[in-house]
Amino acid sequence: MTPLTREFFARSVHAVAPELIGCLLLVDGVGGRIVEVEAYDGEDPASHGFAGLTERNRSMFGPPGHAYVYRSYGIHWCLNLVCGGEDEAEAALVRALEPTDGLGRMRRRRGLEDERLLCSGPGRLCQALEVTGEHDGLALDTPPFTLLPAEGPLQVARGQRVGITRAAELPWRYGLSGSRFLSRVLRPV
DNA sequence: CACAGGATATACT
DNA sequence: GTATATCCTGTGA
């Protein structure tokens, strides 16, 4: 299976984000299927790119097909996949995975057994996959990343975003219909 | 359910 | 400089 290419990400985040559902995301062989993402573009007041280039968000303005990893609330790491053109500041926030590979390592890193809680949330999945600031700016088509296309027909649902106050009403959260690994129930809009 | 935890950015004085 | 908000999670009421 050929990995997702830079060309795949060099489109509008609104086209890319729903197609990420069902893709296999591994870091050093640990991870699972993407079941939830959120789209952020440069026009979005909730986006880190909205106010322009800063030290933290520089990867968001970089080439597509790379990772943008930032620290949230001073504690957690969050993984975004950079989309769009070179200076467009578009990215898809990976919010939840269905764990499939390396369950043992994920449980050890997370310090709990419950499969449902290993990767359901942006900070949680970064801890389970050991994604940190070291991964910021790395290409997604080379190690330690593995990113393979979704297989078979999938039902992708769209809903309201969560965890933010500004422009939360934008329906730019995508999830795999019926998945029990979503970080929250998808409220359709 | 409330809230601490604490990096980064912005909006004030 | 201080204050406030943020793409969140674990813990304890």
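Keep in mind that the numbers below use all heavy atoms, side chains included, and drop hydrogens, waters and symmetry copies. Just so it is clear: chains get the letters A, B, ... in the order the sequence lines come, proteins before strands, and each one is counted from 1.
In this structure, A:Arg11 forms a cation-pi arrangement with A:Phe8, its terminal cationic atom sitting closer than 6.0 Å to the ring centre and no more than 45° off the ring axis. Cation-pi geometry between A:Arg161 and A:Tyr40 is met: the NZ or CZ atom falls under 6.0 Å from the ring centre, inside 45° of the normal.
A:Arg161 comes within contact range of no nucleotide atom at all, as no heavy-atom separation falls under 4.0 Å. In this structure, A:Arg110 reaches the sugar-phosphate backbone alone: every heavy-atom distance under 4.0 Å involves primed, P, OP1 or OP2 atoms, never a base.
The two atoms that bring A:Asp136 and A:Ser59 nearest to each other are OD1-OG, 2.9 Å, heavy atoms only. Summarising the geometry of A:Phe145 relative to A:Leu140, their closest heavy-atom pair is CB-O, 3.5 Å, with the distance given to 0.1 Å.
Rounded to a whole Å, the CG atom of A:Leu79 is 14 Å from the P atom of C:dC8. Per the geometry, CZ belonging to A:Arg116 stands 15 Å off C1' belonging to C:dG10, to the nearest Å. For the pair A:Asn57 CG and C:dT6 P, the interatomic distance rounds to 17 Å; values are reported in whole Å. At whole-Å resolution of the value, CD1 in A:Ile75 and P in C:dT6 are 16 Å apart. Between A:Glu38 atom CD and C:dC8 atom P there is a gap of 7 Å when expressed in whole angstrom units. Between the CZ atom of A:Arg95 and the C1' atom of C:dC7 there is a distance of 7 Å, rounded to whole Å. Summarising the geometry, the separation between CG on A:Asp44 and P on C:dT6 is reported as 13 Å, rounded to the nearest angstrom.
Ring-to-base geometry does not place A:Tyr70 in a stacked arrangement with C:dC7 (centre distance under 5.5 Å, plane angle under 30° required).
C:dT4 and B:dA4: their P atoms are spaced 14 Å apart (whole Å).
Taking only distance into account, the side chain of A:Tyr73 never meets the base of C:dC7 through a donor-acceptor pair shorter than 3.5 Å.
A heavy-atom distance below 4.5 Å is found between the side chains of A:Val94 and A:Leu81. Looking only at side-chain heavy atoms (C-beta outward), A:Met106 and A:Leu129 come within less than 4.5 Å of each other.
Partner assigned to C:dC7 is none, using Watson-Crick or G-U wobble distances below 3.5 angstrom.
None of A:Ser183, A:Pro99, A:Cys126 except one satisfies the side-chain contact (heavy atoms from CB on, under 4.5 Å) rule with A:Cys119; the exception is A:Pro99.
The shortest distance between the side-chain N/O atoms of A:Arg124 and the OP1/OP2 oxygens of C:dG10 is below 4.0 Å.
Taking every nucleotide of DNA chain B with any atom under 4.0 Å from a non-hydrogen atom of chain A, the first and last of them, 5' to 3', are B:dG5 to B:dT10.
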